[in-house]
Amino acid sequence: MRLKDKVAIITGAGRGIGQATAIKFTREGAKVVVCDIRQDWIDETVKLCQEAGGTAMGQIADVRDMKSLEALVNATVGKWGRIDCLVNNAGIVADAQLKNMTEDQFDRVIEINLKGVYNCTRAVVNQMIAQQSGVILNSSSIVGLYGNFGQTNYAASKFAVIGMVKTWARELGRKGIRANAVCPGFISTPILGSIPDKVIHALEERVPMGRLGKPEEIANTFAFLASDEASYITGAVLEVSGGLTL
Ligand code: NAP
């Protein structure tokens, strides 16, 4: 077990990549705090983690709300005494071409995908500094490397995540804390739900591996980066996309 007894908080873990990551981490022996904004989805993920033989607890927390994140940190440290890993996974899309994008669409995405990542990391960092250890993992995207049609807001947020990761790797390396970003390509989760089948098929055609990624394939990447096997990896930006950008 690569994460035995490590304590991990995973945001947006009610479904999709976050849920797969929670299940993977518990299978690898971690104690996982499943964080999301919907109690029914949290309960579902906790149940799946327990059915996989793992240890998990659920906590409602909105990455926009610092008070709920302080409560999350207190509940985690109160129950398990430490925080070894934060997975900043919660994220949304609100797509429109620049000429049609509303201020609300721009602000909503920045608030969750960028400020939310800052908020969560700010909430855990002092605990990690006190421990002199910790791992901060972050969902960026290939859109955070190359941009994408109709995603001014999302691209801005995902580029920014990479900027923060590199900054945190510099600031926190001597304190025993690593920070890395993962850039998924197109992964089969509810976030792709609004994309028509025809477009999904066209996307698959563009991937050298000929298919979308599975949430478990991103979860496996997070598990490796959270483990001691990745002990000298920090400030890294790892693309997991089936070769999409080649
Ligand atoms: P998903 O299935 O939509 O899951 C995201 C989760 O985050 C949902 O449960 C969502 O709840 C939750 N969430 C939304 N707002 C939140 C908030 N304010 N506080 C806490 N949780 C919140 O998405 P996914 O595909 O698994 O994506 C996970 C991450 O990977 C995101 O950061 C995404 O940008 C990134 N990513 C995904 C892909 C892909 O192809 N799937 C590619 C590149 C990067 P609600 O549904 O209620 O909003």
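We count ligands from 1, going down the list as the structure has it; atoms in each ligand are counted the same way. If you read the sequence from its start, that first residue is 1, and numbering goes on from there.
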Contacting atoms of ligand 1, where contact means under 4.0 angstrom from a heavy atom of [X]:
{"X": "Phe186", "value": "40 (O)"}
{"X": "Asp62", "value": "17 (C), 18 (N), 19 (N)"}
{"X": "Leu192", "value": "40 (O)"}

- request: Using a strict cut-off of less than 4.0 Å between a Lys/Arg side-chain nitrogen and an Asp/Glu carboxylate oxygen, indicate whether Arg211 and Glu217 qualify as a salt bridge.
  value: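 Yes, Arg211 and Glu217 are salt-bridged.
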
query: For atom 38 (C) of ligand 1, which of Gly185, Cys35, Ser141, Ser68 has the closest heavy atom?
result: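 That would be Gly185.
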
- prompt: Where the closest heavy atom to atom 13 (N) of ligand 1 is concerned, which of Ala90, Ala219, Ala13, Pro190 has it?
  reply: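 Among Ala90, Ala219, Ala13, Pro190, the closest heavy atom to atom 13 (N) of ligand 1 belongs to Ala90.
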
Is it the case that ligand 1 has an N or O less than 3.5 angstrom from some N or O of [X]?
{"X": "Ile187", "value": "yes"}
{"X": "Thr189", "value": "yes"}
{"X": "Trp41", "value": "no"}
{"X": "Ile17", "value": "yes"}

query: Thr189 side chain to Ile17 main-chain N or O, any donor-acceptor pair under 3.5 Å?
result: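 Not at all, since once roles are kept as given, no pair shorter than 3.5 Å links the two residues.
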
field: CE-CG distance between Met209 and Leu244, expressed to the nearest 0.5 angstrom
entry: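 Going from CE on Met209 over to CG on Leu244, the span is 12.0 Å.
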
